[in-house]
Amino acid sequence: MKRVGILGGGQLGRMLALAGLPLGLKFRFLDPNPEAPAGAVGELVVGRFDDPAVLDRFADGLDVATYEFENVPVESARRLAARVPVLPNPVALETAQDRLVEKTFFEKCGLPTAPFADVSDRDALAHAVARIGFPAVLKTRRLGYDGKGQAVVRDRAALEAAWAAMAPQPMILERFIRFDRELSIVAARGAGGQCVFYPLAENIHAGGILRESRAPAPALTEDVQEHAEARARAVMEKLDYTGVLAIEFFEHHGLLLANEFAPRVHNSGHWTIDGAFTSQFENHLRAILGLPLGPAAARCTAVMLNLIGSAPATQAILSAAPGARVHLYDKAPRPGRKIGHVTLLGASAGEAEHQAAAVRPMIEGAQ
Ligand code: AMP
């Protein structure tokens, strides 16, 4: 019986375990929160990610370790890697944690991005404005997620104010893209370099938080899918990656601009639990355990709605859409917090949307 260690005990860890228990796997999580939602499906070690004694206790008897949270300190992942295989390798974590390193890495892999500039000091800021122009987005290089640590700025005064509010953290300035839509690809790379790619999902964000994903993305051409797959492959090969990775893109005049990647399973891939032949969670586990990857094709069309802040009663959701797949994370309601998701399936995009329309108002009403 293999024992998998997961750094982070949030909903992603919980869903990894829910996919891995049928494969006969055991799970251990490390999280500072004693109420971490993954505690219900495996052993929870409560402690700090950067406490060496805690890390050693966590590592004891593991066959492999991975992460479900990308802000784990890289030094902790490296310390762990001295005792147990850590996959994906910590270089992926290090690259994704810093927006400047990440965007520079995308360029090296041949992925177009929104024009960006390092604005770590005031001189750099003046130069950056001349090149990037307005409107622009000022982002902290580190610890930004779900729209945190960023501000859209439309003129010099707004930029100055945002810069003062975020200083002294190092930042980047990025051109604001009036994208046609946001798309993401979830991909997996296994032992020996085998890769599988899920169909692109179309994502709707509000306030920087993912609200909805539709997969396969409507009006998806083979060309766009192939482009995204080639880019994901380039990124994974350059990182010598093992596991699931997601890249978020802006679709802009037919071009895919890479915004960021997540070295882990991703919210825009939650539809794969119910809507794909193999879920992203199972494929991540297969990859890190050296098992063959499963097919990533969609079995049907899916609409995934996040439950944010608080959720309607399950009774109400299922009464409105009996086919709804409800996933609750066992997290206390709090504004802006992802506490679950609901996936609606259909033989066609119209059918899935019809189901989604039946529950969307109550989900939005509960937020
Ligand atoms: P991020 O934290 O970079 O994933 O940004 C969160 C969300 O903010 C993205 O999903 C977009 O909806 C929006 N956003 C971020 N960067 C830009 C940009 N350069 N232009 C337009 N919208 C952006």
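Atoms considered below: every heavy atom in the structure, side chains included; atoms not considered: hydrogens, waters and symmetry mates. Counting starts at 1 for both ligands and their atoms, following the listed order.
- Heavy-atom contacts of E182 reach the following atoms of ligand 1: 9 (C), 10 (O), 11 (C), 12 (O) (cutoff under 4.0 Å).
- Around atom 14 (N) of ligand 1, the closest heavy atom drawn from F249, F116, F250 belongs to F250.
- With a 4.0 Å cut-off on non-hydrogen atoms, N203 does not touch ligand 1 at all.
- Classification of the Y329-H270 ring pair by plane angle, with boundaries at 30° and 60°, yields perpendicular.
- Between D98 and R141 there is a salt bridge, since a side-chain N of the basic residue sits under 4.0 Å from a carboxylate O of the acidic one.
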Could you tabulate the donor-acceptor pairs under 3.5 Å formed by side-chain atoms of residues 74-82, not counting sequence neighbours?
from	atom 1	to	atom 2	distance (Å)
S76	OG	F49	O	2.7
R78	NH2	E94	OE1	2.9
R79	NH2	D56	OD2	3.1

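- Using a non-hydrogen distance threshold of 4.0 Å, R178 does not register as a contact of ligand 1.
- Heavy atoms of K139 found under 4.0 angstrom from ligand 1 belong exclusively to the side chain.
- An N or O contact shorter than 3.5 Å links R175 to ligand 1 by distance.
- Salt-bridge formation is not detected for the pair E260/K139: no Lys NZ or Arg NE/NH1/NH2 atom is positioned less than 4.0 Å from an Asp or Glu carboxylate oxygen.
- Per-residue contacts place H205 under 4.0 angstrom from the following atoms of ligand 1 (heavy atoms of the residue considered): 10 (O).
- The ligand atoms of ligand 1 that sit less than 4.0 angstrom from a heavy atom of I177 are 18 (C), 20 (N), 21 (C).
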